[in-house]
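Heads up, the thing below is written out as structure tokens.
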2 protein chains.
Amino acid sequence: MKQANTKRLILSAALDLFSQHGYKGASIRQIARAVGIRESAIYNHYKSKEELFLAILTEFKSRTISDKILSDDLLDDLSNPEKFLKNFAERLINYWDTPPERKFIRLLLMEQFTRIGNKELSTTDYLSELRKMCRLIFGEMVKTKIVKQYNPEILAEQFIAPLFLIRTEHLVAGENKNMNAVFKIVNMHVDFFWSAIKT
Amino acid sequence: MKQANTKRLILSAALDLFSQHGYKGASIRQIARAVGIRESAIYNHYKSKEELFLAILTEFKSRTISDKILSDDLLDDLSNPEKFLKNFAERLINYWDTPPERKFIRLLLMEQFTRIGNKELSTTDYLSELRKMCRLIFGEMVKTKIVKQYNPEILAEQFIAPLFLIRTEHLVAGENKNMNAVFKIVNMHVDFFWSAIKT
DNA sequence: GTCTATAAGGAGATAGAC
DNA sequence: GTCTATCTCCTTATAGAC
């Protein structure tokens, strides 16, 4: 009981500190202090700092995004594609704005080039599930001719890229999250996108 | 003479190592070794590791992008907007692919959230000059009615975001730079973009 | 300007008592 | 499972000879 809980607390504190200071910048000592135990106690749960880091990645990789932003009620809206796209973008932005996701994206951006994250982290990986979802959705729209005959792959890129850039630009740690500004840009993006592809 | 040269060598080695391992991950010792001197000799040129890091940022901030990708012969093409956009995108991608720029973008992505880069680095800053250029260009295109009456700000975003995402996704250090794949995607992007905005 | 020598502290990790 | 104590190594940085 107590073990399992401490293990979670360590993982959570580690995600927090790694995402703030980077892998090298956050020490076992800091993590232990955040949890309220001594450094040596951490080694009872993870055999090294590296293993702790990789445990974080494993947890995030096991997660799936589709069920969180593609519920049934949203898909019912496919008859009204413009409204669907707005809701879809809004849900995506909200999902990316949850604290764990914010932290993970920071970690991804920071460690994707370093020795430790090099093999395990990439933006392409991070976006792959979303890209797949979008290809399916836009593929359907193309087939039913409610949008112009574009390659669904392109449509997916054009839809996602501006959203992801907006997200990463508003990711600074201590920021006053003025999500209103974000949603305003997102709306303008979707408006443009829809007007560009609709038949 | 010798001093000035060593100082440059240190700066260059530091950029190299910081962009590979991050600020915390690269040590003064490594940098000194790369230059071929002892650690203590570095302090003759920069009074601390932090000052060395900030010197790199200062150098990159003093640089300007427009003259490198907006030459006169390119602007002559404005009468053929599609060709212009293709050339413009290609030059931008080539500029972002120069070794110093690749290193700086990696540094930016890695350190923008940490204590040391927090104040000095942001994607928004990095893109601001380019955004300004694009707003001017698209503003002109809107005014002369060769493209639809969109807000130039939106057009700039839609043009830049997919390009920047492509760039960051192909930024891994040791990668075989298969720029052909990159240019293929870039071309598809510009094609879509132009077909979306042309009158 | 660069070197050797060294200080002072923080890092990751282990041993063994409780 | 957590603690204290400790090891070993690496870090940034300084002092002073050449």
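Here is the naming used below: chain letters follow the sequence lines, and residue numbers restart at 1 for every chain.
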Which nucleotide in the set [options] lies at the smallest distance from any side-chain heavy atom of [X]?
X     : options               : value
B:Y43 : C:dA13, D:dA13, D:dT2 : D:dA13
B:I37 : C:dA13, D:dT4, C:dT2  : C:dT2
A:N44 : C:dG12, C:dC3, D:dT2  : D:dT2

Just to verify, what does A:E140 make a salt bridge (charged side-chain N to carboxylate O under 4.0 Å, His left out) with, not counting sequence neighbours? none

Check salt bridge (charged side-chain N to carboxylate O under 4.0 Å, His left out) between A:E39 and all other residues, then give those that pass, not counting sequence neighbours.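 A:E39 satisfies salt bridge (charged side-chain N to carboxylate O under 4.0 Å, His left out) with A:R29 once adjacent residues are dropped.
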
Listed by chain and number, what are the ring pair (Phe, Tyr, Trp, His ring centres under 6.0 Å) partners of B:F193, not counting sequence neighbours? B:F138, B:F159

A:Y46: partners by ring pair (Phe, Tyr, Trp, His ring centres under 6.0 Å), with sequence neighbours left out: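 For A:Y46, no residue satisfies ring pair (Phe, Tyr, Trp, His ring centres under 6.0 Å) once neighbours in sequence are set aside.
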
Contact list for residues 184-195 of chain A, test side-chain hydrogen bond (donor to acceptor under 3.5 Å, both in side chains), sequence neighbours left out: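 Matches after skipping sequence neighbours: A:K86-A:N187, A:K86-A:D191, A:H189-B:Q158, A:S195-B:Y150.
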
Closer than 4.0 Å, any side-chain N/O of A:T6 to the OP1 or OP2 of D:dT2? yes

N/O-N/O pairs, protein side and nucleotides 16-18 of chain D side, under 3.5 Å:
none

Taking [atom1] from [X] and [atom2] from [N], how many angstroms apart are they, rounded to a whole number?
X      : N      : atom1 : atom2 : answer
A:E50  : C:dG12 : CD    : P     : 12 Å
B:R33  : D:dC10 : CZ    : P     : 11 Å
A:Y46  : C:dG12 : OH    : P     : 16 Å
B:R38  : D:dA13 : CZ    : P     : 19 Å
A:L52  : C:dA13 : CG    : P     : 10 Å
A:I116 : C:dG12 : CD1   : C1'   : 13 Å
A:L17  : C:dG12 : CG    : P     : 12 Å
B:K47  : D:dT12 : NZ    : P     : 16 Å

Restricting to side chain to side chain contact (heavy atoms under 4.5 Å, CB included), what partner residues turn up for B:A26, sequence neighbours left out?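 Result, side chain to side chain contact (heavy atoms under 4.5 Å, CB included) vs B:A26: B:L17, B:F18, B:H21, B:Q30.
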
Contacts of type side chain to side chain contact (heavy atoms under 4.5 Å, CB included), residue A:K47, not counting sequence neighbours: A:E51

Does any residue of residues 22-29 of chain B have a heavy atom under 4.0 Å from DNA chain C, and if so, which ones, in number order?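 Result for residues 22-29 of chain B: none.
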
Quick check against the 3.5 Å criterion: does B:R33 have a side-chain atom that pairs as donor or acceptor with the backbone of B:G36? no

Can you tell if the side chain of A:F88 reaches within under 4.5 Å of the side chain of A:M133, non-hydrogen atoms only?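 Heavy-atom side-chain distance check passes, below 4.5 Å.
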
